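Notes for the one structure printed next.
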Amino acid sequence: MKVLVAGGAGYIGSHCVRQLQAAGHSPVVVDNLVFGHRAAVAPDVPFYDADLGDKAAMEALLKREEIDMVMHFAAFAYVGESVTEPRKYYENNFVATLRLLEAMLDAGVKKFVFSSTCATFGVPTSLPITEDLPQAPINPYGQTKLDVENLLKSFCHAYGMSFAAFRYFNAAGAAEDGTIGEDHNPETHLIPLVIDAATGRRENIKIFGTDYPTPDGTCLRDYIHVDDLARAHIAAFPLLEKAGAGHFYNLGTGTPNSVREIITAVEQVTGKRVPTVEAERRAGDPPSLYADSSKAIRELGWKIKYTDVTAIIETAWRWHRDHPKGFGS
Ligand code: UDP
């Protein structure tokens with residue numbers, strides 16, 4: 001398959017490009033490098049610095065490269081910022097995706113893989129989170145992702161598109177060979193921040209809330225390795241052969257880990273002490289989020305390689321240890 005990877009220079013997109021190559025597909029990357037890193041994409045992968053919202057440019061690119069399918073990872077993903085600047089999130093995450101889908105239809109490309117999020121569920125009504133739970137996002141970021149999910153259903157019904165949408169839990173880790181990994185600016189995710197506190201790049205890690213109704217009082221999350229996410233996407237390709245069909249999958253390991261457990265695991269992996277500060281709860285954090293991924297396992301034959309969070313942190317540690325400045329861009 002010739003696959004256009006939108007946001008292929010970002011964290012999850014760049015790992016997916018690698019996995020596509022490993023599976024014998026031909027990725028082409030489009031990324032405007034607002035958050036992506038040119039160095040995250042190998043020089044042998046065709047690269048276009050363009051905006052998804054530029055319909056004419058995208059349509060021309062889809063035709064010129066004779067693309068079979070589009071995978072879309074390009075989105076803004078700072079929850080707090082989405083609350084204060086929703087305009088930016090609707091424009092980038094929703095409107096630009098609509099333009100991309102229009103370009104696809106006009107170029108005759110009808111297969112789409114979408115990166116959605118467990119944030120579409122908001123505060124879940126039960127745990128673990130299955131695909132059929134009610135979706136009620138509690139911030140504009142989650143809402144824009146849910147809006148695209150609904151857009152896809154309509155396009156699938158009306159125009160015969162086929163799609164798979166994946167709701168990620170907490171993407172974590174780095175490529176096994178340590179050459180690409182997570183590099184966000186600003187970084188807000190727990191694992192890279194705890195690693196920074198272990199190495200002294202930051203003074204400490206703030207634990208956001210210690211009075212949650214969880215076993216140790218800190219939030220539970222489901223950390224899933226970025227390469228496991230990527231492999232699930234590729235496993236869905238055969239489903240896209242059927243026109244007019246859409247599929248949703250929750251992707252996590254199903255094992256929740258608390259903030260304190262992550263800190264202990266980082267100390268164990270790095271051999272360094274992590275200074276901690278107990279802080280107030282962060283607004284909008286549900287106490288507990290973890291996936292029931294049995295649908296992906298059953299229907300896609302998805303195999304989770306990194307079932308243990310320590311193994312995930314080992315890959316993250318290798319990347320951050322050897323690339324203290326990330327991609328340096
Ligand atoms: N967290 C924390 N300190 C930090 C960053 C995150 O205690 O400096 C907690 C956060 O409250 C949440 C968990 O770590 O319970 C995972 O947060 P992250 O931002 O990595 O992902 P999210 O679950 O928000 O998508």
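Just follow the structure's listing: the first ligand is 1, and inside any ligand the first atom is 1. For clarity, every value in this text was computed on a predicted model and none was experimentally measured.
I67 and L61 get closest at one heavy-atom pair: CG1-O, 4.4 Å.
Across N170, I191, D222, I262, heavy-atom proximity to atom 21 (O) of ligand 1 is greatest for N170. Among F208, Y141, Y78, the residue whose heavy atom sits closest to atom 7 (O) of ligand 1 is F208.
For ligand 1, the atoms sitting less than 4.0 Å from at least one non-hydrogen atom of Y223 are 13 (C), 16 (C), numbered in the order shown with element in parentheses. Less than 4.0 angstrom separates some heavy atom of T188 from each of these atoms of ligand 1: 5 (C), 19 (O). For ligand 1, the atoms closer than 4.0 angstrom to any heavy atom of K206 are 2 (C), 3 (N), 4 (C), 7 (O), 8 (O). Using a 4.0 Å cut-off to heavy atoms of L193, the atoms of ligand 1 that qualify are 8 (O). Residue-ligand proximity, I207 to ligand 1, at heavy-atom distances under 4.0 Å covers atoms 7 (O). Those atoms of ligand 1 that come under 4.0 Å of a heavy atom in C219, given as number and element, are 15 (O).
A salt bridge is absent between D196 and R202: the closest approach of a Lys/Arg side-chain nitrogen to an acidic carboxylate oxygen does not fall below 4.0 angstrom.
Counting protein heavy atoms only, atom 17 (O) of ligand 1 is closest to R282 NH2, 3.5 Å. Ranking protein heavy atoms by distance to atom 9 (C) of ligand 1, first place goes to V259 CG2, 3.8 Å.
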**Request:** Decide salt bridge (charged side-chain N to carboxylate O under 4.0 Å, His left out) for R260 and E278; before the verdict, give the C-alpha distance in whole Å, the side-chain angles of both, and the deciding distance to 0.1 Å.
**Result:** CA-CA 11 Å; R260 287 195 203 279; E278 296 191 357; 3.1 Å; yes

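Within the 3.5 Å criterion, the main-chain N or O of A50 finds no donor-acceptor partner in the side chain of N32. Checking side-chain atoms of R221 against main-chain N and O of Y223 turns up no donor-acceptor pair under 3.5 Å. Judged purely by atom type and a 3.5 angstrom limit, D292 has no side-chain atom pairing as donor or acceptor with the backbone of I129.
Of the heavy atoms in R221, only side-chain atoms (C-beta onward) come closer than 4.0 Å to ligand 1.
If you check the side chains of H72 and T97, you find a donor sitting under 3.5 Å from an acceptor.
Among the atoms of L190, some N or O lies under 3.5 angstrom from an N or O of ligand 1. Checked against a 3.5 angstrom limit, the closest N/O atoms of D285 and ligand 1 fall inside it.
The six-membered or imidazole ring of Y78 lies away from that of H184, with a centre-to-centre distance of 6.0 Å or more.
Cation-pi check for K88 over F76 is met; the charged atom lies under 6.0 angstrom from the ring centroid and within 45 degrees of its normal.
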